[in-house]
Amino acid sequence: MPVAMTSGPTAGAYPRVYAVVRRIPRGRLATYGQIAALAGLPGRARQVGYALHALPSGTSVPWHRVVNTRGSISRRATFGDELLQRILLEGEGVRFDAGNRVALSRYRWCPRQGRLPRGKAR
DNA sequence: TTTATGGCTGTCA
DNA sequence: ATGACAGCCATAA
């Protein structure tokens with residue numbers, strides 16, 4: 001196991017990211033930026049991507065519930081992975097429209113209603 | 001050490 | 001609606 005950053009503002013960032021992702025209810029979605037903010041890493045959506053990418057297979061973290069701000073699955077190294085994400089989401093009742101996008105305004109996870117501004121979504 | 005890249009986001013055309 | 005640009009900063013080489 002890596003020593004990890006034992007100091008600094010980013011100390012233990014990965015565990016925090018995982019903790020937040022784990023709280024996403026089934027059938028709900030969150031964006032990288034949203035996760036980053038909730039994990040105390042505002043503006044570091046990329047790191048969230050790295051954290052999720054580092055997850056082992058068979059993890060209990062629902063990484064598939066994290067998508068980009070457009071509501072679409074980011075292009076990954078292989079089609080298999082992004083397809084898997086879609087399959088998993090559909091298995092939770094999330095519908096994709098043409099273009100492989102989901103209605104974020106409809107599925108967005110709101111840990112605290114009004115925490116993040118997103119128009120008049122409900 | 002430096003450099004390049006990137007599972008993103010927000011703004012502007 | 002889509003496409004281009006610029007910030008952001010951790011990770012990999």
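So you know, we letter chains A, B, ... as the sequences are listed, proteins then strands, and number each from 1.
Between T69(A) and Y32(A), every side-chain heavy-atom pair lies at or beyond the 4.5 Å cut-off. Looking only at side-chain heavy atoms (C-beta outward), N68(A) and I73(A) stay at 4.5 Å or farther from each other. You'll find the side chain of L52(A) reaches within 4.5 Å of the side chain of V21(A), heavy atoms only. Using a 4.5 Å heavy-atom threshold, the side chains of W109(A) and V20(A) count as touching. A heavy-atom distance below 4.5 Å is found between the side chains of Q85(A) and V67(A). The side-chain heavy atoms of R26(A) and P62(A), taken from C-beta on, include no pair separated by under 4.5 Å.
Screening residues 52-66 of chain A for salt bridge (Lys or Arg N to Asp or Glu O under 4.0 Å) gives R65(A)-E92(A) as the qualifying pairs, with residues at least two apart or on separate chains. Applying the side chain to side chain donor-acceptor pair (under 3.5 Å) test to pairs two or more places apart or on separate chains, none has a residue in residues 48-59 of chain A.
Bounding nucleotides for the chain A contact on DNA chain B, 5' to 3', at a heavy-atom distance below 4.0 Å, are dG6(B) to dG10(B).
Residues from residues 50-69 of chain A placing a heavy atom under 4.0 Å of any atom in DNA chain B, listed by number, are Y50(A), H53(A), W63(A), N68(A), T69(A).
With Y18(A) contributing its side chain and A51(A) its backbone, the two residues share a donor-acceptor pair below 3.5 Å. For R28(A) (side chain) and R108(A) (main-chain N/O), a donor-acceptor pair under 3.5 Å exists by modelled atom type.
More than 12 heavy atoms of other residues, nucleotides or ligands shown are found within 6.0 angstrom of CZ on R22(A).
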Under-3.5 Å N/O pairs linking protein and nucleotides 2-6 of chain C:
none

Using Watson-Crick and G-U wobble pairs whose two distances are both under 3.5 Å, how do you write the pairing of DNA chain C as dot-bracket, with | for links to another strand? .||||||.|||||
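The residues E90(A) and R86(A) are annotated as salt-bridged, a charged nitrogen and a carboxylate oxygen being separated by less than 4.0 angstrom.
Computed from coordinates, the L41(A) CG to dC9(C) P distance equals 11 Å when rounded to whole Å.
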